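Fair warning: this is a prediction, and the values are worked out from it, not measured in the lab. The chains referred to below are lettered A, B, ... by the order of the sequence lines, with proteins before strands, and numbering in each begins at 1.
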Number of protein chains: 2
Amino acid sequence: MKNILFDFISKYISLTEDEKNALISLDLFRTVKKGTVLLKEGQHSNESYFVLKGCIRTYYIIDGEEKTTAFYTEMDALTPHSVINKTPSDFFISCVEDCILSVSNSDMEAEVNSKFPKFELMCRKLSEELLAKERIDFDEFKTSSPEERYLNLLQKRPDLVQRVPQHQLASYLGIKPQSLSRLRARLLEKKS
Amino acid sequence: MKNILFDFISKYISLTEDEKNALISLDLFRTVKKGTVLLKEGQHSNESYFVLKGCIRTYYIIDGEEKTTAFYTEMDALTPHSVINKTPSDFFISCVEDCILSVSNSDMEAEVNSKFPKFELMCRKLSEELLAKERIDFDEFKTSSPEERYLNLLQKRPDLVQRVPQHQLASYLGIKPQSLSRLRARLLEKKS
DNA sequence: CTCATTTCTTAACTTAAGTGAACGGGTTAT
DNA sequence: ATAACCCGTTCACTTAAGTTAAGAAATGAG
């Protein structure tokens with residue numbers, strides 16, 4: 001399990017054994033049951049998550065309806081914007097499947113960053129890369145139709161379509177569950 | 001003009017006079033005419049932009065149509081994702097108005113970052129903050145209708161609706177120019 | 001100033017998403 | 001075993017966005 005984390009980190013910086021041991025001593029790993037809510041709307045939190053195994057999602061409750069906006073799977077990192085902005089959260093985080101997560105909090109991160117300046121560099125590279133990815137995703141979303149978004153998702157994250165309930169996928173694609181159902185039926189008809 | 005840049009930087013770190021002078025000696029400022037294309041699709045570039053005055057936009061050309069996905073105005077910073085990923089650009093950047101920009105390139109940034117580690121910290125904070133903002137914008141986009149997006153834009157960036165051509169705003173809102181025109185007419189009717 | 005181009009609007013028609021309701025399959029709890 | 005619930009699908013209907021086309025208004029270049 002540790003190796004997944006170290007493999008991820010090695011994409012940005014290289015660690016000595018001492019540094020690896022320092023990380024391990026922080027006791028970051030946590031296993032969580034499907035359905036567990038990690039963060040609630042209104043809650044103050046300073047936790048960040050890294051998915052070692054499983055899938056978590058962020059969702060809002062708007063007019064009593066769940067609106068899922070993101071899924072994080074193996075090797076994905078998530079720091080809620082409420083943690084960055086030090087505001088109460090406006091969304092929820094919950095586990096779509098049983099998960100193994102690495103959970104850190106901002107105090108720990110500040111401490112590690114000052115002890116090992118290397119981590120500061122990793123954080124910068126990681127945020128820059130995630131920002132670039134987020135912009136690409138947003139641009140693709142804006143410039144395509146629901147159908148194109150669904151086909152795009154089938155290409156890029158085919159696993160999601162299998163492991164996530166349809167109604168959660170629908171709001172992720174910016175549409176209602178009924179529309180996703182119809183859209184899929186339409187596509188099946190086209191093929192034949 | 002320099003003061004706008006220093007005001008911006010002071011939100012993240014504090015600078016000594018020496019550091020300020022080092023920045024000024026880099027000769028960053030550039031004035032650019034409306035319509036100038038700063039970056040073309042396919043081009044390799046390592047330039048980042050900070051808007052001191054004016055407005056620039058990013059757009060794709062898809063099936064011969066311009067699709068505008070973002071506007072950057074006073075105090076906004078833009079590093080194209082192609083610069084982060086060291087790939088040829090897939091979009092264009094052009095000036096919506098006459099602009100005064102601060103233009104830096106990644107070599108300069110690397111040098112400044114190693115000379116003044118403080119800048120590394122600023123870059124991390126800035127990217128984290130921008131990522132948080134981008135996620136909020138994306139979530140809002142996904143969870144709202146074109147009409148709600150337009151009303152939201154009127155609230156958050158009323159200046160944009162004035163200074164930017166409608167057809168560019170339309171694709172920014174994820175719809176066609178004709179639909180934006182109709183949507184606006186519909187809203188005017190509702191009011192009365 | 002004038003011509004050409006671009007931008008915005010309007011209209012008629014097509015297509016797809018939103019809405020409300022109903023149904024069946026599956027799971028869970030009692 | 002059965003009732004309650006959740007989920008995905010389907011249907012009929014409404015609403016809004018896409019499409020094509022035309023024309024008016026504004027802009028820019030010569």
What pairs of nitrogen or oxygen atoms, one from the protein and one from nucleotides 9-12 of chain C, lie under 3.5 Å apart?
unit_1, atom_1, unit_2, atom_2, d
C:dT9, OP2, B:S181, OG, 3.0
C:dT9, O5', B:S181, OG, 3.1

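The pair A:E66-A:R57 meets the salt-bridge criterion, with a side-chain N (NZ, NE, NH1 or NH2) lying under 4.0 Å from an Asp/Glu carboxylate O. Using a cut-off of 4.0 Å between Lys/Arg side-chain N and Asp/Glu carboxylate O, A:K125 and A:E120 are scored as not salt-bridged. Here B:E147 does not pair with B:R184 in a salt bridge; the nearest charged N to carboxylate O distance is not below 4.0 Å.
When rounded to the nearest whole Å, the span between CD of B:E97 and P of D:dT27 equals 14 Å. When the P atom of D:dA17 is taken as reference, atom OH of B:Y150 falls 13 Å away, rounded to whole Å. Between A:L183 atom CG and D:dG8 atom P the separation is 15 Å, expressed in whole Å.
At least one cation-pi condition fails for B:K11 and B:F8: the charged atom is not both under 6.0 angstrom from the six-membered ring centre and inside a 45 degree cone around its axis.
Contact annotation: B:H167 side-chain N/O to C:dT6 OP1/OP2 distance is not under 4.0 Å. Regarding contacts with the backbone of C:dG20, every side-chain N or O of A:K176 stays at 4.0 angstrom or more from both OP1 and OP2.
Proximity of the aromatic rings of A:F71 and A:Y172 is defined here by a centroid distance below 6.0 angstrom, and this criterion is met.
Contact detail for B:L101 and B:L52: the closest heavy-atom pair is C-CD1, 3.8 Å.
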